[in-house]
Amino acid sequence: MCKMAGQKTFTLSQVAQHRSKKDCWFVINGRVLDVTKFLDEHPAGGEVLLEVAGKDATREFSNIGHSKEAQNLLLKYQVGVLQGHAFNEADKSASFVESKHKEMSAFVIKDDKMPTYQAFLEFVLPLVFTGFYFGYRYL
């Protein structure tokens, strides 16, 4: 593990000073990112980014299941590294590659597996209750 050479180092308290729509920074995997220009382009909207502004958003970023393109964008918006964070050699040598696509693809991976009967009940029960309601009301 080693620090990334040539990168400006920031503390988390310095990052925390950048929490507005005009100046939005956060940390992902030890990288300090200035995503102010990306707020309007983010597929889920800028509000999602503003919720984690000034904080370490590594867990939130990982839980969503971002595409490789989204992970590549981290390098584009990186302004420095978090003080005390150690990087492995793969992270150190990573570089930003501009995508050929005009739009960024995004998807969400849900961790919870719903049992088949539960999905069935969530679909059928409202129909049954609606049928009883209209049957009682109009018959």
Side-chain angles (χ1 to χ4, degrees):
M1 300 288 214
C2 60
K3 278 191 160 182
M4 293 183 79
Q7 289 287 329
K8 188 167 181 180
T9 304
F10 296 95
T11 63
L12 201 51
S13 62
Q14 288 173 314
V15 175
Q17 296 172 4
H18 304 272
R19 296 182 302 200
S20 70
K21 193 171 186 172
K22 295 180 181 182
D23 186 26
C24 182
W25 289 21
F26 52 77
V27 177
I28 296 178
N29 295 325
R31 299 176 188 277
V32 178
L33 309 172
D34 179 357
V35 294
T36 309
K37 295 178 182 176
F38 186 63
L39 291 174
D40 293 331
E41 299 171 22
H42 191 268
E47 295 80 24
V48 175
L49 300 179
L50 287 170
E51 287 177 14
V52 294
K55 302 176 187 174
D56 187 337
T58 303
R59 186 173 14 157
E60 289 85 350
F61 184 81
S62 299
N63 287 345
I64 296 298
H66 284 89
S67 66
K68 281 287 186 195
E69 286 182 47
Q71 293 173 11
N72 234 1
L73 279 176
L74 296 179
L75 301 171
K76 178 179 180 181
Y77 294 104
Q78 183 174 349
V79 292
V81 295
L82 186 63
Q83 181 179 0
H85 187 82
F87 292 88
N88 61 29
E89 288 301 319
D91 287 339
K92 184 180 172 188
S93 63
S95 61
F96 174 67
V97 178
E98 192 72 49
S99 173
K100 294 176 185 170
H101 302 289
K102 292 193 180 206
E103 294 182 10
M104 182 174 62
S105 62
F107 61 93
V108 176
I109 298 174
K110 291 188 175 183
D111 291 335
D112 56 334
K113 298 287 183 190
M114 184 183 304
T116 307
Y117 71 90
Q118 185 179 357
F120 177 75
L121 289 176
E122 284 186 3
F123 178 73
V124 171
L125 282 180
L127 293 175
V128 170
F129 286 122
T130 303
F132 280 130
Y133 171 76
F134 284 115
Y136 175 77
R137 176 91 176 161
Y138 297 107
L139 293 180

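Just the heavy atoms: all of them, side chains too, but no hydrogens, waters or symmetry mates, feed the values below. Counting from 1, the numbers follow the sequence of the chain as shown.
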If you measure from CZ on Phe123 to CD on Gln118, what distance do you get to the nearest 0.5 Å?
-> 15.5 Å
Joint hydrophobic cluster, Tyr136 plus Leu125, side-chain heavy atoms closer than 4.5 Å | no
Can you find a pair of side-chain heavy atoms, one from Val35 and one from Phe26, that are under 4.5 Å apart?
-> yes
Nearest atoms (heavy-atom pairs only) where Glu60 meets Ile64 | O-CG1, 3.2 Å
Linked, directly or transitively: Phe129 and Leu121 (ILVMFWY side chains, under 4.5 Å) = yes
CD-CG distance between Gln71 and Asn29, expressed to the nearest 0.5 angstrom | 8.5 Å
Starting at CG of Leu39, measure out to SG of Cys24 and round the result to the nearest 0.5 Å.
-> 5.0 Å
Would you call Thr36 and Tyr77 a side-chain contact if the rule is heavy atoms closer than 4.5 Å?
-> no
Would you please classify the geometry between the Phe38 ring and the His42 ring as parallel, tilted or perpendicular, with 30° and 60° separating the classes?
-> perpendicular
Any chance you could measure Leu50, atom CG, to Ser20, atom OG, to the nearest 0.5 Å?
-> 8.0 Å
Taking side chain as C-beta onward, heavy atoms only, is Gln83 less than 4.5 Å from Phe10?
-> no
Under the side-chain contact (heavy atoms from CB on, under 4.5 Å) criterion, do Leu33 and Val79 qualify, and how do the steps go?
-> CA-CA 6 Å; Leu33 309 172; Val79 292; over 6 Å; no
Look at the side chain of Asp56 and the backbone N and O of Thr58, then say whether any donor-acceptor pair between them is shorter than 3.5 Å.
-> yes
Minimal heavy-atom distance between Leu82 and Thr9, with the atoms involved, is C-CG2, 4.4 Å
Report the distance from atom NZ of Lys68 to atom CG of Leu73, rounding to the nearest 0.5 Å.
-> 13.0 Å
For Lys55 and Glu51, which heavy atoms make the closest approach, and how far apart are they?
-> NZ-O, 3.5 Å
Nearest heavy-atom neighbours spanning Ala53 and Arg19 = O-CG, 3.4 Å
Are Val32 and Gln78 side-chain neighbours, meaning at least one heavy-atom pair lies under 4.5 Å?
-> no
Is there a path of hydrophobic side-chain contacts, each under 4.5 Å between heavy atoms of I, L, V, M, F, W or Y residues, that connects Val128 with Phe120?
-> yes
